[in-house]
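Worth saying up front: this structure is predicted, and the values here are computed from it rather than measured. Proteins come first, then strands; the chains are lettered A, B, ... in the order of their sequence lines, and each starts at number 1.
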Protein chains: 2
Amino acid sequence: MDRIDYKILAALHDNARISISEISRMIAMSQPAVTERLRKMEDQGVITGYRAELSPTKLGKHTTAFVLFKSNSCKEFEAFGEASPEIIDLYRTSGEYNYLMKVVTESSETLAAFLDACHVFGFSTTLVVLSTRFEDKSLVEGIED
Amino acid sequence: MDRIDYKILAALHDNARISISEISRMIAMSQPAVTERLRKMEDQGVITGYRAELSPTKLGKHTTAFVLFKSNSCKEFEAFGEASPEIIDLYRTSGEYNYLMKVVTESSETLAAFLDACHVFGFSTTLVVLSTRFEDKSLVEGIED
DNA sequence: CCTGAAAATATATCGCC
DNA sequence: GGCGATATATTTTCAGG
């Protein structure tokens, strides 16, 4: 993992569908060399996947919320969580609550219905997202030459 | 936006570097037709980008936390937020706190230093992530044939 | 580890239905 | 909207430093 690897990661974080040839031009290295470095980073698990980012709004999902949750039937709650399409992210956390989840629903009504379903497993505090300032800032610094 | 479009989105959410030819084989449609549908969804903003997902741990970032923040100097705080590489996501929220951010740092020590820097702008409650059950579940259902 | 060249794939751009 | 055919790019593979 040297500076060249970080540049490759930065390019792919910015646009995961960029061609390897284009990266190779950007960093002035042959295309097979970039391919090989990339393959190694994938094998090592530095890169965990490539995802298209979709607009919730354009897909009819107009409400995003973070739900803090306290459950004492963790196993059941986690099974419920995996089966719930509304839950996009699920984390175990320290503090008064033991879970935090990001929830995306069509409307505040469907959010309320989802929360009702959750309350079989424990209790919650909900923070509704009013606006997203930014998301998915890169973990790798834009290293300049 | 019909079922075919959803299948294309599902494929790209699962693997953003899949070739269009491979998608066209999966859904039994010609490659130019898939290319055209994809171009339209990009133009309409249904797809907002393509991102490589990186492993924080493999990049030396061992601490993830969600920080609830209350600030009454919002403008200054947001400028600080954009300039802080530790803040991966930043949201405005309803409730007692007006911001929620996802923060990724090398260690709990660097998290503490970051929180100290934040406290110029307001006060915070921090939930440290103990483990990630899942992240980035697809917004589009895996529609079966 | 890297480069360079050649073979195999993939994508962009047609004209046509 | 979608298809097939073709031209251009890209990726894979591999011999050689």
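- In this structure, the separation between CG on B:L68 and CG on A:L100 is 8.0 Å, given to the nearest 0.5 Å.
- Contact annotation: the side chain of B:V34 never approaches that of B:M26 to less than 4.5 Å [non-hydrogen atoms, C-beta and beyond].
- Using modelled atom types, no side-chain atom of B:R37 and backbone atom of B:M1 make a donor-acceptor pair closer than 3.5 Å.
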Show your reasoning for whether salt bridge (charged side-chain N to carboxylate O under 4.0 Å, His left out) applies to B:R39 and B:E42.
CA-CA 5 Å; B:R39 193 194 58 73; B:E42 288 170 348; over 6 Å; no

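- With B:N98 contributing its side chain and B:T93 its backbone, the two residues share no donor-acceptor pair below 3.5 Å.
- A donor-acceptor contact shorter than 3.5 Å links the side chain of B:T63 to the backbone of B:S108.
- Within the structure, salt bridge (charged side-chain N to carboxylate O under 4.0 Å, His left out) contacts touching residues 45-71 of chain B (residues at least two apart or in different chains) are A:R51-B:E53, A:E53-B:R51.
- Following chains of ILVMFWY side-chain contacts shorter than 4.5 Å, one can reach B:L38 starting from B:I18, so the two form part of one hydrophobic cluster.
- Remark: P of C:dT13 and CZ of B:R39 are 10 Å apart, rounded to the nearest angstrom.
- Residue pairs meeting the side chain to side chain donor-acceptor pair (under 3.5 Å) criterion with at least one partner in residues 121-135 of chain B, sequence neighbours excluded, are A:E78-B:R133, A:Y91-B:E135, B:Y97-B:T125, B:K102-B:E135, B:H119-B:S124, B:S131-B:R133.
- Side-chain heavy-atom separations under 4.5 angstrom define the hydrophobic clusters, and the remaining members of the one that includes B:F134 are A:V67, A:F69, A:F77, A:F80, A:I87, A:L90, A:Y99, A:M101, A:V103, A:L111, A:F114, A:L115, A:V120, A:F121, A:V128.
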Every protein N/O within reach of nucleotides 4-10 of chain C N/O, cut-off under 3.5 Å:
residue: C:dA10; atom: OP2; partner: B:R25; partner atom: NH2; Å: 2.8

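- On the nucleic acid side, DNA chain D has its first and last nucleotide under 4.0 Å of a heavy atom of chain A at D:dT10 to D:dT13, going 5' to 3'.
- When rounded to the nearest whole Å, the span between CD1 of A:I27 and C1' of C:dT3 equals 14 Å.
- Using a 4.0 Å cutoff on non-hydrogen atoms, no part of residues 42-51 of chain A comes near DNA chain D.
- Nucleotides of DNA chain C nearest to A:R37 and A:R17 differ in position, and the one nearer the 5' end is that of A:R37.
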